[in-house]
J.: 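Sending over a structure as structure tokens; questions will come in a sec.
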Amino acid sequence: KKRTLSLFIMEKHFLPMELIDKCIGSRIWVILKDNREVVGTLRGFDDFVNMVLDDVKELEYTPQGRKTTQVDSILLNGNNVCMMVPGSDPK
């Protein structure tokens with residue numbers, strides 16, 4: 001019984017790249033290292049987590065407030081990614 005439980009728990013774990021792969025075609029909220037956030041539909045990524053997003057809303061936080069820019073497509077460099085939130089938008 002203990003062995004079955006451990007196998008069940010292991011099946012619920014995903015490697016990071018597997019989780020990102022499951023997000024292709026879905027909305028994703030990406031928080032970048034430079035006070036910017038990007039929300040868009042994930043179209044693809046590579047081993048360095050460089051990402052292509054479509055229907056993108058870019059949010060930049062400045063002392064004057066939040067600036068929003070709408071872009072058709074964007075290529076994000078994986079080195080700038082701090083955190084990704086699948087299926088979410090900033091409130």
Side-chain angles (χ1 to χ4, degrees):
K1 187 173 186 177
K2 189 174 185 179
R3 180 174 163 78
T4 305
L5 180 60
S6 65
L7 287 174
F8 176 75
I9 291 170
M10 286 175 47
E11 288 175 8
K12 296 295 181 183
H13 292 306
F14 293 105
L15 293 173
M17 296 301 251
E18 290 174 343
L19 182 59
I20 297 169
D21 190 52
K22 288 184 176 292
C23 294
I24 291 179
S26 300
R27 298 291 286 173
I28 189 166
W29 174 21
V30 182
I31 300 171
L32 303 174
K33 294 179 182 177
D34 60 357
N35 291 328
R36 289 185 304 143
E37 299 175 7
V38 176
V39 179
T41 302
L42 181 63
R43 292 297 172 210
F45 69 97
D46 64 11
D47 290 340
F48 302 103
V49 194
N50 298 315
M51 293 179 277
V52 176
L53 301 174
D54 288 340
D55 189 27
V56 178
K57 179 170 59 173
E58 182 180 359
L59 307 163
E60 184 175 4
Y61 295 92
T62 67
Q64 293 77 29
R66 185 169 88 171
K67 177 184 170 191
T68 303
T69 306
Q70 194 73 30
V71 182
D72 289 335
S73 294
I74 193 168
L75 171 63
L76 288 179
N77 185 318
N79 286 330
N80 296 324
V81 174
C82 180
M83 183 170 66
M84 298 183 302
V85 183
S88 187
D89 279 291
K91 302 295 180 220

J.: Please round to the nearest 0.5 Å and tell me the distance separating atom SG of C82 and atom CZ of R36.
T.: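 Answer for the SG-CZ pair, C82 versus R36, is 12.5 Å.
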J.: For I28 and M84, work out which heavy atoms get closest and say how close.
T.: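 That would be CD1-CB, 4.0 Å.
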J.: Side-chain heavy atoms under 4.5 Å apart, restricted to Ile/Leu/Val/Met/Phe/Trp/Tyr: what other residues fall into the cluster of V52, or is it alone?
T.: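 V52 clusters with L75.
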J.: Are side-chain N/O atoms of S73 and D54 paired as donor and acceptor at under 3.5 Å?
T.: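 The criterion, which ignores hydrogens and geometry beyond distance, is satisfied for D54 and S73.
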J.: Using a strict threshold of under 4.0 Å (side-chain N to carboxylate O), is an ion pair present between E60 and R66?
T.: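 E60 and R66: not salt-bridged.
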J.: With rounding to the nearest 0.5 angstrom, report the CG to CG distance, D21 to L19.
T.: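 These two atoms lie 9.5 Å from each other.
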J.: Check whether any side-chain heavy atom of K67 lies under 4.5 Å from a side-chain heavy atom of Y61, and answer yes or no.
T.: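 Heavy-atom side-chain distance check fails, nothing below 4.5 Å.
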J.: Would a 4.5 Å heavy-atom cut-off, applied to side chains only, mark V30 and M51 as touching?
T.: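 In short, these two side chains touch, coming nearer than 4.5 Å.
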J.: Does CG belonging to D34 count more than 12 external heavy atoms closer than 6.0 Å?
T.: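 Counting other residues, nucleotides and ligands, CG of D34 exceeds 12 neighbours.
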J.: Answer yes or no: is there a side-chain heavy-atom contact under 4.5 Å between F48 and N77?
T.: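 Contact flag for F48/N77 side chains = no.
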J.: Quick one: does D72's side chain get under 4.5 Å of D55's, heavy atoms only?
T.: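 No, their side chains stay 4.5 Å or more apart.
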J.: What closest approach, in Å, do G25 and R43 show between heavy atoms, and which atom pair accounts for it?
T.: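 For G25 and R43, the tightest heavy-atom pair comes out as CA-NH1, 3.9 Å.
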J.: Tell me, yes or no, whether the heavy-atom count around D46 atom CG, taken from other residues, nucleotides or ligands under 6.0 Å, exceeds 12.
T.: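 Buried by this count: over 12 neighbours within 6.0 Å.
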J.: Does V85 sit in a hydrophobic cluster with other residues, and if so which ones, taking ILVMFWY side chains as linked at heavy-atom separations under 4.5 Å, directly or through other members?
T.: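 Hydrophobic cluster check, V85: joined to W29, I31, V39, M83.
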J.: Of all the heavy-atom pairs spanning L42 and L53, show the shortest one and how long it is.
T.: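 Distance-wise, the nearest heavy atoms are CA-CD2, 3.5 Å.
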